Amino acid sequence: MPELAEVEYYRRQWDAGLRRQVTRVALHGGARLFRGEDPVRFAAALPGARLLGSEARAKQMLFRFSRGLWVGVHLGMTGKIRVEPRDFVPGRHDHLVLFQATQALVFSDPRMFGRVRFFEGTAPPPWWTALPAAVTSPEFTVEVVRDFLRRRARLAVKAALLVQTRFPGVGNWMADEILWRARIDPRRTCGTLARRAEGLWRETREVCRVAMETVAVDFSDPPEGWFYHVRWAGDGACPRCGRTVKSATIGGRTTRWCGRCQR
DNA sequence: CGAGATGTTCGGCT
DNA sequence: AAGCCGAACATCTC
C-alpha cells in the first residue's frame with residue numbers, strides 16, 4: 001500500500017505515544033523483517049526509553065527514542081502502523097509491538113516485504129542521512145530530472161519514476177498519476193523525453209505536494225478528478241477524455257494510462 | 001484454484 | 001561496466 005503520503009500518515013499514528021516510556025517490547029516471528037539486526041538485544045534496551053519524535057522521508061520512517069535509540073521502519077508492500085489498547089495481544093502479523101503504560105504501538109506486515117532497523121547513537125543513522133532530497137525540496141530541480149532522463153535513455157519512463165534514488169517516495173499509483181497529468185505515455189523511453197522534462201518535473205512535485213495535503217492527513221483519497229480514482233478497475237474511464245484506460249505491465253508493474261491523452 | 005497486489009533486491013544477461 | 005529485466009520474497013484477496 002504505502003507510498004510517500006501513506007507513509008507519512010502511518011508515521012503519525014505513533015504520535016499517540018510521544019513522551020511516554022516503552023515498558024515492554026514484543027517481537028513476533030518475521031526474522032526477515034529484522035534482517036541484519038539484533039532485535040533481541042534491542043528489545044532488551046528499549047524499555048525505559050521515551051518516544052521523543054519521528055519523521056518520514058520517501059518511503060522510510062525514523063522513530064527517535066531517549067537514550068540515543070532509534071527505530072527505522074519501511075512498510076514494504078503491506079506494512080501498517082497502528083495503536084492498540086495496553087492489553088493488546090499481538091496477532092500473527094504483528095511483528096513489533098512497543099507497549100506503553102496506556103497503549104501499544106504496533107507494526108504489522110503480512111507479506112513481510114518491509115524492514116525494521118535499529119540504531120544506537122546521538123545522531124540519526126547513516127542510512128537515514130543518506131536518503132535523497134525530497135522531490136518537493138529545492139534540490140529537486142528540472143535539471144536533475146533532465147540529467148536522469150539522459151542517463152537512463154533506454155528505460156521506460158514509468159520504470160524511471162519508480163527509481164527511489166531519484167524519485168524518493170514515488171510508488172506505482174503516484175507514477176501513473178504523474179504521467180497522466182504530464183500526458184506522457186508510460187512506455188516511452190527516457191531518451192525521447194528531453195523536451196518533456198519540465199512537465200514531468202512539475203507534475204512529480206505537484207502530485208507529491210497534493211498527496212501530502214490529502215492522503216497524508218487522514219488517509220482520505222486524493223482530490224476528485226485525479227487519475228487515481230479510475231486506475232484500479234480494468235475498465236476505468238480517463239477523467240479528461242472519457243476513454244477507457246489502457247493496462248499493461250511496464251517496468252514489472254501494472255500500469256494504467258490513457259491511450260488518447262498520453263503520448 | 002490461479003492471478004495479482006501501492007516494494008525492494010539480487011542474479012544474470014547485454 | 002553499467003544498465004536493464006525478470007524472478008524471488010510471503011501472504012492475502014478477488
Side-chain angles (χ1 to χ4, degrees), chain A residues 1-11 28-37 56-61 72-81 90-96 107-117 127-128 130-132 135 147-180 186-193 204 207-208 210-212 214-216 218-222 226-236 245 247-257:
Chain A
M1 188 181 273
E3 303 178 27
L4 185 74
E6 289 117 342
V7 171
E8 167 63 11
Y9 171 81
Y10 281 123
R11 176 196 68 78
H28 184 265
R32 175 189 163 77
L33 291 162
F34 306 109
R35 54 192 178 278
E37 304 290 339
R57 292 179 60 182
K59 294 174 189 171
Q60 308 272 350
M61 5 180 167
V73 176
H74 188 289
L75 297 173
M77 199 84 102
T78 53
K80 284 183 169 58
I81 293 269
R92 179 155 127 84
H93 304 305
D94 302 319
H95 303 289
L96 176 68
F107 164 72
S108 63
D109 184 4
R111 286 176 79 177
M112 295 194 282
F113 290 179
R115 185 169 187 183
V116 178
R117 304 200 242 206
W127 62 263
W128 177 263
L131 288 174
V135 300
D147 284 350
F148 187 71
L149 291 174
R150 263 196 298 266
R151 221 180 342 253
R152 300 298 192 115
R154 299 175 61 182
L155 185 64
V157 63
K158 166 61 185 276
L161 281 170
L162 297 175
V163 175
Q164 292 300 295
T165 48
R166 186 45 70 214
F167 299 96
V170 173
N172 206 29
W173 77 254
M174 292 181 97
D176 282 359
E177 190 74 39
I178 291 163
L179 292 171
W180 178 76
R187 298 168 298 184
R188 286 186 68 148
T189 55
C190 293
T192 69
L193 291 170
T204 298
V207 166
C208 289
V210 177
M212 291 299 278
T214 54
V215 181
D218 56 3
F219 221 78
S220 59
D221 283 347
W226 275 35
F227 188 69
Y228 174 91
H229 300 286
V230 307
R231 78 170 296 283
W232 307 107
D235 58 350
V245 302
S247 183
T249 298
I250 304 171
R253 313 299 301 283
T254 297
T255 301
R256 297 236 156 78
W257 75 99

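Quick note on labels: first sequence line is chain A, next is B, and so on, each numbered from 1. All values derive from a computational prediction rather than experimental measurement.
- One can place NZ of A:K59 at 13 Å from C1' of B:dT9, the figure rounded to the nearest angstrom.
- Between the P atom of B:dT8 and the CH2 atom of A:W127 lies a distance of 13 Å, rounded to the nearest Å.
- A cation-pi geometry, defined here as NZ or CZ lying under 6.0 Å from the six-membered ring centre and within 45° of its normal, holds between A:R57 and A:W128.
- Evaluation of atom-type donor-acceptor distances gives a pair under 3.5 Å for the side chain of A:R111 against the base of B:dA5.
- Taking atom CG on A:D176 and atom C1' on B:dA5, their separation rounds to 14 Å, with Å as the unit.
- Out of B:dG7, C:dG3, B:dT9, the shortest distance to the side chain of A:R115 is found at B:dT9.
- Rounded to a whole angstrom, the distance from the P atom of C:dG6 to that of B:dG4 is 15 Å.
- Under 4.0 angstrom from either OP1 or OP2 of B:dG7 there lies at least one side-chain N or O belonging to A:R253.
- Taking atom CZ on A:F113 and atom C1' on C:dC9, their separation rounds to 5 Å, with Å as the unit.
- Rounded to an integer number of Å, the gap from A:L162 CG to B:dA5 P is 13 Å.
- Look at C:dA7: its Watson-Crick or wobble partner, with both distances under 3.5 angstrom, is B:dT9.
- Relative orientation of the A:H28 and A:H95 rings is tilted, given thresholds of 30° and 60° on the angle between their planes.
- Residue order along DNA chain C, read from the 5' end via each residue's closest nucleotide, puts A:R151 first among A:G252 and A:R151.
- Checking C:dT11, C:dC4, B:dG7 against the side-chain heavy atoms of A:R154 singles out C:dC4 as nearest.
- Listed nucleotides: B:dT8, B:dG4, C:dC12. Nearest to the side chain of A:T254: B:dG4.
- Mapping A:R35 and A:W232 onto DNA chain B by nearest heavy atom places A:W232 at the nucleotide closer to the 5' end.
- Taking 4.5 Å as the limit, some side-chain heavy atom of A:R231 sits within range of a side-chain heavy atom of A:N172.
- Nearest nucleotide to the A:R32 side chain, out of C:dC4, C:dC9, B:dT8: C:dC9.
- The minimum heavy-atom distance between A:D109 and A:G114, with the atom names listed, is OD2-N, 2.9 Å.
- The side chain of A:Q164 approaches B:dT8 more closely than any other nucleotide in the set B:dT8, B:dA5, C:dC4.
- At whole-Å resolution of the value, CD1 in A:I250 and P in B:dG4 are 15 Å apart.
- Looking at heavy-atom distances under 4.0 Å, A:G171 makes contact with sugar-phosphate atoms alone, never a base.
- A perpendicular orientation is assigned to the rings of A:F148 and A:F167, their planes being inclined by more than 60° (bins at 30° and 60°).
- In this model, the phosphate group of C:dC12 is approached by a side-chain N or O of A:H93 to a distance below 4.0 Å at OP1 or OP2.
- Summarising the local packing, CZ of A:R35 is surrounded by more than 12 heavy atoms from other residues, nucleotides or ligands at distances under 6.0 Å.
- Among the atoms of the strands shown, only primed sugar atoms or phosphate atoms (P, OP1, OP2) are found under 4.0 Å from some heavy atom of A:R152.
- As rounded to the nearest Å, C:dA1 and B:dT9 have P atoms that lie 23 Å from one another.
- What separates CD of A:E6 from C1' of B:dA5 is a distance of 14 Å, to the nearest Å.
- Look at CG on A:L75: it is 10 Å from P on B:dT8, rounded to the nearest Å.
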